[in-house]
Amino acid sequence: MHEMSVAKNILDIVHEHVQSEDENRVRSIILKIGEMSGIVCDSLEFCFSSLVHNTPLGGAKLFIQTIPISAECNFCNYNSRLEYGIFFCEKCHSSDIKIISGRELQIVQIELED
């Protein structure tokens, strides 16, 4: 379960950007996670909530935006949205494609209370 180490890394990044958790309480953290990132979102949410339980970040909520897999065909240049495990161009059915999105794991926003 590598989601625990990912959750720890997310918290490290939050700590780098929030000077004092007591003065600047974190309300929420918004993530973008690609469908090909290898992250199980439910596990990540569980690990995150376990790590912040009984800490100043205990009230922080984790919001996850799932990024679909999209690719550009190197044969016909068509951009298409793919389902995980099916890596063919929708237009010409070539398997010579370049993944454009779907591998992301980004912290988009850290929201603090007023």
Could you list all the side-chain hydrogen bond (donor to acceptor under 3.5 Å, both in side chains) pairs where at least one residue sits in residues 57-69, not counting sequence neighbours?
-> none

Result block: side-chain N/O donor-acceptor pairs under 3.5 angstrom for residues 77-89, not counting sequence neighbours:
none

Do the non-hydrogen side-chain atoms of Val26 and Glu113 ever get within less than 4.5 Å of each other?
-> no

Please tabulate, for side-chain N and O atoms in residues 92-109, each donor-acceptor pair with protein atoms closer than 3.5 Å (sequence neighbours left out).
unit_1, atom_1, unit_2, atom_2, d
Ser94, OG, Asp96, N, 3.0
Asp96, OD1, Asn74, ND2, 3.0
Ser101, OG, Pro68, O, 3.3
Ser101, OG, Ser70, OG, 2.7
Glu104, OE1, Gly102, N, 2.7
Glu104, OE2, Gly102, N, 3.4

Given the rule that I, L, V, M, F, W and Y join up when any side-chain heavy atoms are under 4.5 Å apart, are Val40 and Ile64 in one cluster?
-> no

Joint cluster assignment, Ile13 & Phe48, ILVMFWY side-chain distance < 4.5 Å | yes

[atom1]-[atom2] distance between [X] and [Y], expressed to the nearest 0.5 angstrom:
X: Glu45; Y: Cys41; atom1: CD; atom2: SG; result: 6.5 Å
X: Cys47; Y: Lys8; atom1: SG; atom2: NZ; result: 9.5 Å
X: Asn9; Y: His2; atom1: CG; atom2: NE2; result: 10.5 Å

Write down the atom of Leu57, the atom of Val52, and the distance for their closest heavy-atom approach.
-> O-CB, 3.5 Å

Would you say the side-chain atoms of His15 pair up with the backbone N or O of Leu11, donor to acceptor, closer than 3.5 Å?
-> yes

Mind listing the side-chain donor-acceptor pairs of residues 28-37 below 3.5 Å, one per line with the distance, residues two or more places apart or on another chain?
unit_1, atom_1, unit_2, atom_2, d
Ser28, OG, Glu111, OE1, 2.8
Glu35, OE1, Ile69, N, 3.4
Ser37, OG, Gly34, O, 2.8
Ser37, OG, Ile39, N, 3.3

Taking it one step at a time, do Leu112 and Arg27 satisfy side chain to side chain contact (heavy atoms under 4.5 Å, CB included)?
-> CA-CA 5 Å; Leu112 304 176; Arg27 179 179 293 175; over 6 Å; no

